[in-house]
Amino acid sequence: MIEILPMQDRQKEQALLSQIREVGPDARVLAMCEREKTLGWVALELQDTVLRILFLQVEGYDFTRRPQGEEIFILDSLMRSAASYGEHFGADKIETVFPDFFDFFRARGFEQDEFHAFTPMSTIVKYESH
């Protein structure tokens with residue numbers, strides 16, 4: 001069973017966050033695991049009403065080529081889980097702190113410039129009106 005949850009081991013989380021630039025004090029890591037094996041993780045933080053994706057990592061993928069197959073599934077799942085986490089805490093926008101890679105975010109509806117990708121939360125999180 002695959003789970004994507006905030007990392008429980010705070011020391012391991014801090015070790016990962018310490019490798020990332022521009023990390024605020026409230027940054028978190030969501031880890032995607034299957035049977036205790038980590039498949040990937042996303043570092044994120046909330047800044048006012050903006051969810052900032054600080055880093056995405058898939059085990060065995062180094063961003064030197066276009067992601068394929070399971071790598072796309074993991075990256076997409078992590079991005080959507082991050083969006084859900086942000087929305088739960090009141091974020092209404094998503095942005096990355098790094099440029100889009102191989103148009104991954106653009107293919108999911110994000111706009112981009114040379115520095116980052118960004119979109120309203122409603123691009124990823126669907127809201128139903130009653």
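Predicted model only: the values in this text are computed from it and were never measured.
The environment of Arg65 atom CZ is dense: over 12 non-hydrogen atoms of other residues, nucleotides or ligands sit within 6.0 angstrom. Within 6.0 Å of atom CD in Glu70, 12 or fewer heavy atoms from other residues, nucleotides or ligands are found, so the atom counts as exposed in its surroundings. The number of heavy-atom neighbours closer than 6.0 Å to CD of Glu34, taken from other residues, nucleotides and ligands shown, is above 12.
Listed for the Thr123 side chain is no donor-acceptor partner under 3.5 Å among the backbone atoms of Thr119. Side-chain N or O atoms of Glu45 include one that pairs as donor or acceptor with a backbone N or O of Gly24 at under 3.5 Å. Distance alone, capped at 3.5 Å, is enough to place a donor-acceptor pair between the Asp62 side chain and the Thr64 backbone. For Gln19 (side chain) and Leu16 (main-chain N/O), no donor-acceptor pair under 3.5 Å exists by modelled atom type. Using a distance-only test at 3.5 Å, with no hydrogens or angles considered, no donor-acceptor pair links the side chain of Arg28 to the main chain of Pro6.
A continuous path of ILVMFWY side-chain contacts below 4.5 Å connects Phe63 to Ile53, so both sit in one hydrophobic cluster. Hydrophobic clustering of Ile, Leu, Val, Met, Phe, Trp and Tyr side chains at less than 4.5 Å, counting indirect connections, unites Met121 with Leu46. Residues Leu51 and Phe118 do not share a hydrophobic cluster, clusters being chains of Ile/Leu/Val/Met/Phe/Trp/Tyr side chains in contact below 4.5 Å. When hydrophobic clusters are built by joining Ile, Leu, Val, Met, Phe, Trp and Tyr residues whose side-chain heavy atoms come closer than 4.5 Å, directly or via intermediates, Ile2 is grouped together with Trp41.
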Would Ile124 and Met79 count as a side chain to side chain contact (heavy atoms under 4.5 Å, CB included) here? Give the steps. CA-CA 9 Å; Ile124 304 302; Met79 181 269 307; 3.8 Å; yes
Verdict with reasoning, Glu59 to Lys37, per side chain to side chain contact (heavy atoms under 4.5 Å, CB included): CA-CA 10 Å; Glu59 295 302 314; Lys37 176 185 175 196; over 6 Å; no
Leu39 vs Val58, test: side chain to side chain contact (heavy atoms under 4.5 Å, CB included). Steps then yes/no. CA-CA 6 Å; Leu39 304 175; Val58 174; over 6 Å; no
Test side chain to side chain contact (heavy atoms under 4.5 Å, CB included) on Ile74 and Tyr61; report intermediate values, then the result. CA-CA 11 Å; Ile74 293 169; Tyr61 176 64; over 6 Å; no
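Leu56 contributes atom CG, which lies 10.0 Å from atom CG of Asp76 (distance to the nearest 0.5 angstrom). Atom CG of Leu78 and atom CG of Leu30 lie 7.5 Å apart (nearest 0.5 Å). Expressed to the nearest 0.5 Å, how far NZ of Lys12 lies from CG of Leu17 amounts to 12.5 Å. Here the CD1 atom belonging to Ile4 is positioned 4.5 Å from the CE atom belonging to Met32, to the nearest 0.5 angstrom.
Between Arg10 and Glu13 there is a salt bridge, with a side-chain nitrogen of the basic residue lying less than 4.0 Å from a carboxylate oxygen of the acidic one.
Between His116 and Arg52, every side-chain heavy-atom pair lies at or beyond the 4.5 Å cut-off.
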Check: residues 82-106 side-chain donor-acceptor pairs under 3.5 Å, at least two apart:
residue, atom, partner, partner atom, Å
Asp92, OD1, Thr49, OG1, 3.1
Thr96, OG1, Phe98, O, 2.6
Thr96, OG1, Ala117, N, 2.9
Asp100, OD1, Phe104, N, 3.1
Asp100, OD1, Phe105, N, 2.9
Asp100, OD2, Phe105, N, 3.4
Asp100, OD2, Arg106, N, 3.0
Asp103, OD1, Arg106, NE, 3.4
Asp103, OD2, Arg106, NH2, 3.0

